[in-house]
Amino acid sequence: MDKKIKNLQLVNGTLMSHQATFIWEKPDTSEDIMYDIYLNNEKVTQRKKGQTHITLKNLTPETIYELKISVAGQESSLAFETPTKETVIDITKEPYNVDPTGKKLATKQLQKAINDCPKNGIVLIPKGTIVLSGAIDLKSFMCLQVDGTLLGSLNPEDYTFSAVNRENYLGKVNEEGLILTRYEGWELFCYRSLINAGYLVQENRHKITCENIAILGEGKIIGGGNELGVKMREIYADTKRYPEYLSDNRPGRRVRGRLISFIQTKSAHLTGVSVENSPSWTCHFIYCDQIITHDLTITSQHIDNGDGWDPDSSKNCLIFATKFNTSDDCIAIKSGKNPDGNKVNIPSKNIRIFDLKMTSGNGMAIGSEQSGGVENVLISDCEIQGTRYGIELKAHNDRGGYIKNITIEDCTLDSFEAQSVMYNSDGQAAEKLPDFENVTMKNCTVTGGNPSIKLVGFQKAEEREHFLKNFSFKNVMLKNNGKITLKNTKEVIFKNVLTEENKQPIYEFNEDNAKIMIEK
């Protein structure tokens with residue numbers, strides 16, 4: 001086996017004067033290896049086989065370093081140089097004088113500090129402080145460092161634009177002060193999120209409206225939770241006047257803001273902080289490129305629609321070393337909902353997910369709003385336990401779009417499902433059924449589920465030959481009942497898929513299936 005480390009690289013957008021983050025690919029070996037990490041030939045730490053990342057902290061500005069990773073006698077190294085020390089704006093100091101107790105609303109002072117921040121500067125919420133704020137907008141080439149607590153206001157008006165506080169915002173705003181964004185797959189006007197970056201340009205959704213930003217620190221970002229979300233919903237609960245906000249028979253549901261929302265943003269780095277108690281989805285990235293997320297704790301238990309991390313028609317994203325404790329999908333990869341998503345037609349693609357721990361909620365989802373397509377997703381070395389579904393690929397019959405080129409490896413998960421779902425079905429149907437194809441699971445353990453693996457294809461009377469196709473399961477151990485259900489699938493391979501007792505699982509074949517191969 002080849003034990004050489006592959007593709008050691010500095011993660012784009014993470015290099016600062018005091019820290020930098022690096023990733024690499026695992027060696028091609030089945031052995032349980034350890035990585036020895038050296039900085040300028042001094043050993044600083046170790047990493048386990050699946051921990052293919054390191055964040056170096058307490059670096060010195062304007063200094064050349066050499067990172068070296070050693071495993072089983074083989075080494076890989078990379079030199080880098082830290083930039084000049086960044087200018088830091090402490091918002092509790094003059095001229096901002098933000099109340100550090102969280103008793104007085106500080107939105108204006110915080111936003112002014114952001115507006116005043118020099119290129120590549122840092123706006124600091126110091127340790128031990130609580131800053132109460134409504135919606136704020138980050139700008140390009142800046143960092144928000146949260147070492148204390150950023151606490152979201154419970155007043156919905158603090159998440160709207162007025163003529164006073166929208167002078168630097170170039171996106172679309174309606175008469176009620178809501179911004180044009182996307183939620184549950186449709187572009188519509190919603191409340192602002194607590195932290196915002198970029199804005200939506202319908203004439204050119206590929207235009208970058210914000211770039212090179214970071215949110216980091218050792219503190220907490222706490223939203224208004226269901227209390228704020230319910231207030232937002234109630235204001236828009238008139239379904240005759242606001243029919244677009246009705247979702248799953250809940251009036252006003254789609255108008256709510258998120259905790260962190262980036263739109264048409266490139267190169268964004270989120271690390272270190274704890275983010276919790278959003279009024280709906282926690283981290284939402286719309287038409288973005290290069291979203292780097294690691295070493296976060298994302299908590300959204302008891303939140304309606306409490307998703308954790310949602311790339312939405314976004315590309316080239318990384319998330320690793322993050323813990324989830326959510327009420328809904330820990331991760332949900334999306335690309336719009338019929339008919340909006342079919343027309344916009346921007347896929348989510350090139351997404352790498354590794355070394356995560358998910359302990360509640362639905363687990364990880366791709367869909368159900370995937371009308372623009374999802375492709376090239378790698379999920380590895382994740383522990384998904386105590387969730388409802390483990391990993392689920394899902395779409396409504398009406399969505400259209402596709403999910404393809406998905407790889408799941410070296411994971412422990414509750415179950416695996418790829419199927420049609422019936423909820424959130426309003427909107428004109430796409431001309432074609434969704435396509436799910438080229439999905440591989442290997443070297444994984446499935447600990448629960450009834451069944452453990454469930455594949456159910458899409459079907460309409462006029463399209464009898466529409467299948468989930470080209471799925472491959474290799475070296476997968478099934479604990480618990482070890483049942484596999486197949487319905488309307490084609491070209492599915494099971495190789496060395498066995499129960500914990502080293503026996504063949506129970507296969508349920510319903511309706512139309514074709515070219516199913518089972519090998520021990």
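The analysis underlying the following values was restricted to heavy atoms, covering all of them including side chains, and did not include hydrogens, waters or symmetry mates.
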When the ring centroid of Tyr402 is compared with that of Phe436, is the distance short of 6.0 Å? no

Check the pair Asp137, Arg192 against salt bridge (Lys or Arg N to Asp or Glu O under 4.0 Å), reporting the backbone distance first and the verdict last. CA-CA 9 Å; Asp137 281 89; Arg192 301 165 68 203; 2.3 Å; yes

Minimal non-hydrogen separation, Arg352 against Thr52, with atom names: NH2-OG1, 3.7 Å

Can you measure from CD (Gln264) to NE2 (His206) and round to the nearest 0.5 angstrom? 9.0 Å

Does the side chain of Gln290 pick up a donor-acceptor pair with the side chain of Asn12 at under 3.5 Å? yes

Filter on ring pair (Phe, Tyr, Trp, His ring centres under 6.0 Å), then keep only pairs touching residues 329-378, sequence neighbours left out; what's left? Phe320-Phe354

Going by salt bridge (Lys or Arg N to Asp or Glu O under 4.0 Å), name the pairs with one or both residues in residues 354-374, residues two or more places apart or in two chains. Lys334-Glu369

Going by side-chain hydrogen bond (donor to acceptor under 3.5 Å, both in side chains), Glu187 matches just one of Gln202, Arg182, Lys343. Which one? Gln202

Can a salt bridge be assigned to the pair Lys108 and Asp158 using a cut-off of 4.0 Å between side-chain N and carboxylate O? no

With no hydrogens and no angle check, do the side chains of Glu417 and Gln419 hold a donor and an acceptor under 3.5 Å apart? yes

Quick check: closest heavy atoms across Ser193 and Gly257, and the distance to 0.1 Å? OG-C, 4.1 Å

Distance only, no hydrogens: is a donor on one side chain within 3.5 Å (strictly under) of an acceptor on the other, for Asn305 and Tyr183? yes

